[in-house]
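First up is the structure itself, then whatever we jot down about it.
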Number of protein chains: 2
Amino acid sequence: MFSQSEENYIKAIYHLATVSDKGISTNAIAKKLTTKASSVTDMIKKLSDKKVLVYKKYQGVTLTDFGKRTAANIIRKHRLWEVFLVEKLNFTWDEVHEVAEQLEHIKSPKLIDELDSFLGHPKRDPHGDPIPDKEGNLPQIQKSLLSTLEKNEKGVCVGVNDTSSEFLRFLDKQEIGLGKNIEVLDKEPFDDSFLVKINGKEMTISNKVANNIYIQKN
Amino acid sequence: MFSQSEENYIKAIYHLATVSDKGISTNAIAKKLTTKASSVTDMIKKLSDKKVLVYKKYQGVTLTDFGKRTAANIIRKHRLWEVFLVEKLNFTWDEVHEVAEQLEHIKSPKLIDELDSFLGHPKRDPHGDPIPDKEGNLPQIQKSLLSTLEKNEKGVCVGVNDTSSEFLRFLDKQEIGLGKNIEVLDKEPFDDSFLVKINGKEMTISNKVANNIYIQKN
DNA sequence: AATAATTTTTAGACTAGACTAAAAATTATT
DNA sequence: AATAATTTTTAGTCTAGTCTAAAAATTATT
Ligand SMILES: [Mn+2]
Ligand SMILES: [Mn+2]
Ligand SMILES: [Mn+2]
Ligand SMILES: [Mn+2]
């Protein structure tokens, strides 16, 4: 059994590993968890003893299979709770993360199994992120950042990169959300902004915004 | 904001106060939380500083109004989660307590408000215990221990005193549960056992069991 | 290859919350 | 009223998790 703090480290390392593929550095973990490198060193020694990860001094860390399964399970809980909050308790997608950060640490296998069936075995959370199954398998979906699309390419919005409340509320205001059809009408070389049509409506989108929206092309 | 540990102390003291009405002793708290008296002394000093309770050395403690409201809020969360687990997630009444002990510490006013309406503003938890409202008011119901009933008195089972899994599963096996009609047919002076009729079925019940079942007389 | 900059680890300190053992206060018993 | 038993507090220790400051190792730059 892991403490909340240990679980937060495991999850952070897992997320960092999905984007970097080599050993995760002490500093990267510290930044992600807004803690100090010295604290991270202490904790990764402990997690190494517990066979969650492999650690060699100055070399960064890599999760073991056990560590990956543990991480996937925490993420599964986090995302299922997010679905619950949105689908059943009238939360908006910008409100769920903070609460899910707490709920993901509740220990009860039955609870999470039952929650999963109560919600109808959802495949994705309110931000479009896939929900790992009980074995920790995480279905990867084919998606591209809007910013990488060429003129005249089109697709459906399937996810966001930035999940901050600020960004999500901005998307709400612009009526951009999961499932919306998006077509790149033009790209402006001057500031790399995009002229897009979203569900029939034309608008201009900054590069920063386009860099945080995932599209499944069609 | 209180830590989980602080919340557990506050709740324990609140529960002890409902049965004792004078200052709650260090030892009583230690026993309830299966911790040591010295740990309790440390914690009640802290809770006294935080205006949760009034503490004078060697005199035991009393919750302030603020402390009582805080306790009622934790109990509200605990019991609403228990309802959720039974009503929505197929938990039995002997399985919910352990998980509710964790869920009661989740911090989110919106979560608990929404959960309350999602459940249809339930008045009692799966063990028959009343659910405090948002202001911390706890409706008291007129109930008597089955062991205090006289011959020929009858009523409805509305609660249990012992909420251990063992006792609850025993009740399930005997088909005793909330809402069942119970009539005392006879009392046996030799061992203070009871001959009762429960929903039409006659059975003998030990004094120990009768001491843990609440009846609303009719 | 040497030096500078950066990253990582170590050493030592702090807090919350727990514990044991001993001292002090209270309560019960003679 | 004195003594014994019990309860409560204090003093000191421990662990988990964090921090700062300094030392050590690695990486980048000249
Ligand atoms: Mn989230
Ligand atoms: Mn999410
Ligand atoms: Mn309970
Ligand atoms: Mn209950």
Side-chain angles (χ1 to χ4, degrees), chain A residues 1-13 16-17 19-63 67 70-71 74 101-102 104-107, chain B residues 1-13 16-17 19-63 67 70-71 74 101-102 104-107:
Chain A
M1 221 31 55
F2 296 103
S3 70
Q4 293 208 183
S5 195
E6 288 172 327
E7 290 191 344
N8 285 336
Y9 276 89
I10 294 168
K11 193 170 54 128
I13 294 165
L16 289 167
V19 287
S20 110
D21 77 323
K22 56 167 169 292
I24 306 304
S25 75
T26 304
N27 259 4
I29 300 167
K31 191 177 175 191
K32 183 124 200 166
L33 293 172
T34 51
T35 184
K36 302 292 171 175
S38 53
S39 307
V40 173
T41 303
D42 282 351
M43 182 58 94
I44 61 186
K45 281 177 184 167
K46 188 155 55 125
L47 293 177
S48 175
D49 290 346
K50 291 192 176 188
K51 311 295 181 196
V52 168
L53 47 79
V54 177
Y55 165 59
K56 289 181 86 169
K57 273 189 195 175
Y58 297 99
Q59 303 294 126
V61 299
T62 323
L63 289 179
T70 304
I74 300 163
E101 283 294 312
Q102 300 177 60
E104 72 188 4
H105 301 295
I106 302 292
K107 264 92 175 169
Chain B
M1 220 32 55
F2 296 103
S3 70
Q4 292 207 184
S5 194
E6 288 171 329
E7 289 191 345
N8 285 336
Y9 275 90
I10 295 167
K11 194 169 55 127
I13 294 164
L16 289 167
V19 286
S20 111
D21 78 321
K22 54 169 171 295
I24 306 303
S25 76
T26 304
N27 259 2
I29 299 167
K31 191 177 174 191
K32 183 126 200 165
L33 293 173
T34 51
T35 184
K36 301 293 171 175
S38 54
S39 307
V40 173
T41 302
D42 282 352
M43 183 57 94
I44 61 187
K45 280 177 185 167
K46 188 155 55 126
L47 293 177
S48 175
D49 290 347
K50 291 192 174 187
K51 311 293 183 198
V52 168
L53 47 79
V54 177
Y55 166 58
K56 290 180 84 167
K57 275 189 195 176
Y58 296 98
Q59 303 295 125
V61 298
T62 322
L63 289 180
T70 305
I74 301 163
E101 283 293 310
Q102 300 178 61
E104 72 188 3
H105 301 294
I106 302 292
K107 264 90 174 169

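These values consider heavy atoms only, across backbone and side chains, with no hydrogens, waters or symmetry-generated copies.
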Under a 4.0 Å heavy-atom cut-off, which of residues 49-57 of chain B touch DNA chain C?
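Hits under 4.0 Å, by residue number: none.
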
Most 5' of A:Gln59 and B:Gln59 on DNA chain D, judged by nearest nucleotide:
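So the residue in question is B:Gln59.
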
Nearest-nucleotide comparison on DNA chain D, the residue closer to the 5′ end among A:Glu6 and B:Ile44:
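Comparing both residues, the 5'-ward one is B:Ile44.
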
Give each stem of DNA chain D as a range with a range, requiring at least 3 consecutive Watson-Crick or G-U wobble pairs whose two distances are under 3.5 Å.
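Paired runs of 3+ in DNA chain D: C:1-30 with D:1-30.
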
Is there side-chain contact between A:Asn8 and A:His105, with at least one heavy-atom pair below 4.5 Å?
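Yes, side chains in contact.
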
Could you check if a side-chain atom of A:Ile106 sits within less than 4.5 angstrom of a side-chain atom of B:Ile106, using non-hydrogen atoms only?
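Yes, side chains in contact.
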
Can you tell me how far the [atom1] atom of [X] sits from the [atom2] atom of [Y], to the nearest 0.5 Å?
| X | Y | atom1 | atom2 | answer |
| --- | --- | --- | --- | --- |
| B:Thr70 | B:Ile13 | OG1 | CD1 | 11.5 Å |
| A:Asp42 | A:Tyr9 | CG | OH | 8.0 Å |
| A:Lys36 | A:Asn27 | NZ | CG | 10.5 Å |
| B:Thr26 | B:Ile44 | OG1 | CD1 | 4.0 Å |
| B:Ser3 | B:Met43 | OG | CE | 5.0 Å |

List for me each residue that meets side-chain hydrogen bond (donor to acceptor under 3.5 Å, both in side chains) alongside A:Lys11, sequence neighbours excluded, and say none if there are none.
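Expected list: A:Glu101, A:Glu104.
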
Specify the separation, in whole Å, of atom [atom1] of [X] and atom [atom2] of [N].
| X | N | atom1 | atom2 | result |
| --- | --- | --- | --- | --- |
| A:Tyr58 | C:dT9 | OH | C1' | 4 Å |
| B:Met43 | C:dA16 | CE | C1' | 8 Å |
| B:Lys45 | D:dT8 | NZ | P | 14 Å |

Which pairs of donor and acceptor atoms, one on a side chain in residues 49-56 of chain B, lie under 3.5 Å apart (sequence neighbours left out)?
residue	atom	partner	partner atom	Å
B:Lys50	NZ	B:Glu6	OE1	3.3
B:Lys50	NZ	B:Glu6	OE2	2.8

For B:Ala71 against B:Leu63, the heavy-atom pair lying closest together:
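Where B:Ala71 meets B:Leu63 most closely, the heavy atoms are CB-CD1, 4.4 Å.
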
Residue pair B:Ala30 / B:Ala37: nearest heavy atoms and the distance that separates them
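Shortest heavy-atom separation between B:Ala30 and B:Ala37 comes out as CB-N, 3.8 Å.
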
Would you say NZ of A:Lys107 has more than 12 non-hydrogen atoms from neighbouring residues, nucleotides or ligands within 6.0 angstrom?
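Yes, because the 6.0 Å sphere around NZ of A:Lys107 holds more than 12 heavy atoms from other groups.
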
Determine whether more than 12 heavy atoms belonging to other residues, nucleotides or ligands lie under 6.0 Å from atom NZ of A:Lys32.
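For A:Lys32, atom NZ is crowded (more than 12 foreign heavy atoms under 6.0 Å).
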
Give, ordered by number, those residues of residues 24-33 of chain A having at least one heavy-atom distance below 4.0 Å to an atom of DNA chain D; if nothing qualifies, reply none.
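Nucleic-acid contacts, sorted: none.
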
What pairs of nitrogen or oxygen atoms, one from the protein and one from nucleotides 19-21 of chain C, lie under 3.5 Å apart?
residue	atom	partner	partner atom	Å
C:dC19	OP2	B:Thr35	OG1	2.6
C:dC19	OP2	B:Lys36	N	3.1
C:dC19	OP2	B:Ser39	OG	2.9
C:dT20	O4	B:Ser38	OG	2.9

Base, sugar-phosphate, or nothing: which does A:Thr41 touch, judged by heavy atoms less than 4.0 Å apart?
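Touches a base.
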
